[in-house]
Amino acid sequence: MTIDKSEVSIYTDGGCEPNPGVGGWAAILVHGRREKELSGGAQETTNNRMEMTAAIQALSSLKHHCVIHIYTDSQYLKNGITQWMKNWKRNNWKTRSGPVKNKDLWLELDDLVQH
């Protein structure tokens, strides 16, 4: 994979009504003057899964290594990536109250963030 020192800003959002229920997600990627919009949804989901899916789909769409800035209104997504994931991995994806929720998506997100 080619290393690109350029920067990409990613703006994400997700939600559902009711929660859990029918949900949707969206992401906008900005690289210089270029923009790319992504979106999708699910019939049975949660707000947190849609927030995470937006970030996963945006990161998955990148073709080159670059500096990434993710903007989200989801404290769950932000804290999961920046604070909680390190401990979850060390504790075999468990919290004090049991297994990490949405582990499948956290594993996918962790893989994408590492690359």
Side-chain angles (χ1 to χ4, degrees):
M1 185 174 271
T2 305
I3 295 178
D4 183 353
K5 302 237 187 244
S6 63
E7 297 186 9
V8 175
S9 295
I10 299 173
Y11 301 86
T12 65
D13 201 7
C16 69
E17 184 63 36
N19 187 26
V22 177
W25 61 269
I28 300 173
L29 293 82
V30 180
H31 178 257
R33 293 184 180 187
R34 296 177 57 197
E35 290 186 8
K36 181 177 184 177
E37 296 179 13
L38 305 170
S39 62
Q43 289 298 308
E44 284 296 319
T45 191
T46 65
N47 286 339
N48 287 338
R49 288 187 71 81
M50 291 292 92
E51 294 281 1
M52 294 174 71
T53 299
I56 289 167
Q57 292 300 319
L59 292 170
S60 295
S61 75
L62 296 173
K63 294 180 174 69
H64 303 283
H65 281 79
C66 54
V67 176
I68 301 164
H69 304 278
I70 297 178
Y71 300 91
T72 179
D73 64 354
S74 170
Q75 293 301 306
Y76 180 70
L77 176 61
K78 176 185 173 272
N79 292 335
I81 291 173
T82 63
Q83 297 173 27
W84 305 333
M85 194 181 308
K86 179 179 167 184
N87 289 334
W88 290 340
K89 289 164 61 171
R90 187 175 54 233
N91 294 326
N92 198 27
W93 294 96
K94 292 188 173 86
T95 67
R96 285 184 221 139
S97 60
V100 170
K101 292 179 182 174
N102 303 308
K103 178 182 172 185
D104 59 329
L105 297 181
W106 286 117
L107 288 170
E108 191 171 354
L109 193 55
D110 183 40
D111 185 57
L112 289 165
V113 169
Q114 297 304 316
H115 295 99

Hey, could you give me the [atom1]/[atom2] distance between [X] and [Y], rounded to the nearest 0.5 Å?
X	Y	atom1	atom2	value
Leu105	Leu112	CG	CG	11.0 Å
Gln75	Asn48	CD	CG	11.5 Å
Asn79	Trp84	CG	CH2	4.5 Å
His31	His64	NE2	NE2	9.0 Å
Asp110	Lys89	CG	NZ	3.5 Å
Arg96	Asn87	CZ	CG	9.0 Å

Of all heavy-atom pairs between [X] and [Y], which one has the smallest distance, and what is that distance?
X	Y	answer
Ala27	Ala58	CB-CB, 3.9 Å
Gly21	Cys16	N-SG, 3.9 Å
Gly23	Met50	C-SD, 3.7 Å
Ser74	Thr72	N-OG1, 3.0 Å

Exercise for the section: Determine, stepwise, if the pair Val8 / Val67 fulfils side chain to side chain contact (heavy atoms under 4.5 Å, CB included). Expected result: CA-CA 6 Å; Val8 175; Val67 176; over 6 Å; no

Using a 4.5 Å cut-off on heavy atoms from C-beta on, say whether the side chain of [Y] contacts that of [X].
X	Y	value
Trp106	Met85	yes
Ile28	Ile10	no
Leu109	Leu59	yes
Ser61	Leu29	yes
Thr46	Pro20	yes

Handout entry: Ring center gap for Trp25 and Tyr11 short of 6.0 angstrom
Key =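 That pair fails the under 6.0 Å test.
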
Problem - Pair Thr45-Asn19, side chain to side chain contact (heavy atoms under 4.5 Å, CB included): steps then yes or no - result: CA-CA 7 Å; Thr45 191; Asn19 187 26; over 6 Å; no

Practice task
Report yes or no: do Ile81 and Tyr71 belong to one cluster of Ile/Leu/Val/Met/Phe/Trp/Tyr joined by side chain heavy-atom distances under 4.5 Å?
Solution key: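 No, separate clusters.
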
Practice task
Please answer: with hydrophobic residues joined when any side-chain heavy atoms are less than 4.5 Å apart, are Met52 and Leu107 in the same cluster?
Solution key: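 Linked, Met52 and Leu107 end up in one cluster.
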
Exercise for the section: Look at atom CD of Gln83 and say whether more than 12 heavy atoms of other residues, nucleotides or ligands are closer to it than 6.0 Å. Expected result: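 Enclosed: over 12 neighbouring heavy atoms sit under 6.0 Å from CD of Gln83.
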
Exercise for the section: Using a cut-off of 6.0 Å, state whether more than 12 heavy atoms not belonging to Arg90 lie near its atom CZ. Expected result: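 Yes - once you tally the heavy atoms of other residues, nucleotides and ligands closer than 6.0 Å, there are more than 12.
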
Handout entry: ring pair (Phe, Tyr, Trp, His ring centres under 6.0 Å) contacts in which one or both residues fall within residues 37-62, not counting sequence neighbours
Key =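 Of all non-adjacent pairs touching residues 37-62, none passes ring pair (Phe, Tyr, Trp, His ring centres under 6.0 Å).
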
Handout entry: Any residue meeting side-chain hydrogen bond (donor to acceptor under 3.5 Å, both in side chains) with Asp104, in chain and number order, not counting sequence neighbours
Key =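 Asp104 satisfies side-chain hydrogen bond (donor to acceptor under 3.5 Å, both in side chains) with Arg49 once adjacent residues are dropped.
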
Handout entry: Pair Ser97-Thr95, side-chain donor/acceptor within less than 3.5 Å
Key =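 Their side chains do contain a donor-acceptor pair, which is all the 3.5 Å distance test asks for.
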
Exercise for the section: Quick one: do Asn47 and Glu51 satisfy side chain to side chain donor-acceptor pair (under 3.5 Å)? Show the steps, please. Expected result: CA-CA 6 Å; Asn47 286 339; Glu51 294 281 1; over 6 Å; no

Practice task
Applying ring pair (Phe, Tyr, Trp, His ring centres under 6.0 Å), name anything that partners Trp93, two or more places apart in sequence or on another chain.
Solution key: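 For Trp93, no residue satisfies ring pair (Phe, Tyr, Trp, His ring centres under 6.0 Å) once neighbours in sequence are set aside.
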
